[in-house]
Amino acid sequence: MSSVSMESMARSNGKERYGFGFQMPLHYPKYTKAEYEIMPEWKLDCLLTQYGLPIYGDVKQKRKFAMGAFLWTY
């Protein structure tokens, strides 16, 4: 079996879905600073994981990282 068809099978069965590289989500997160400041940890984890970003540290560190990654300062 070729490696291409094996990859296709792995994708189709869902077991290796995220093992084939990063895929940019369609929408950029549009949360405000105030929303990040009250966002629960589980939601921060989901957001960071969706964009392939690290989810290490406590909730305060995750909030700071998410705001730095997604909020634009002018």
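Note: W72 and Y28 have tilted aromatic rings, judged against thresholds of 30 and 60 degrees for the angle between ring planes.
A ring-centre distance under 6.0 Å is not found for Y56 and F65.
For K43, the side chain to side chain contact (heavy atoms under 4.5 Å, CB included) criterion is met by Y31, M39, P40, not counting sequence neighbours. Residues passing the side-chain hydrogen bond (donor to acceptor under 3.5 Å, both in side chains) test with E41 are K62, sequence neighbours excluded.
In this structure, P29 and L47 have side chains that are in contact, with non-hydrogen atoms separated by less than 4.5 Å. The shortest side-chain heavy-atom distance between W42 and V59 does not fall under the 4.5 Å cut-off.
Taking both residues in full, the closest heavy atoms of P54 and L48 are given as O-CD1, 3.6 Å, listed atom of the first, atom of the second, then distance. Taking all atoms of both residues into account, the shortest heavy-atom contact from K33 to M67 is CG-SD, 3.7 Å. In this structure, I55 and D45 approach most closely via the heavy-atom pair CG2-O, 3.8 Å.
Distance CG/L44 to NZ/K64: 14.5 Å, rounded to 0.5 Å.
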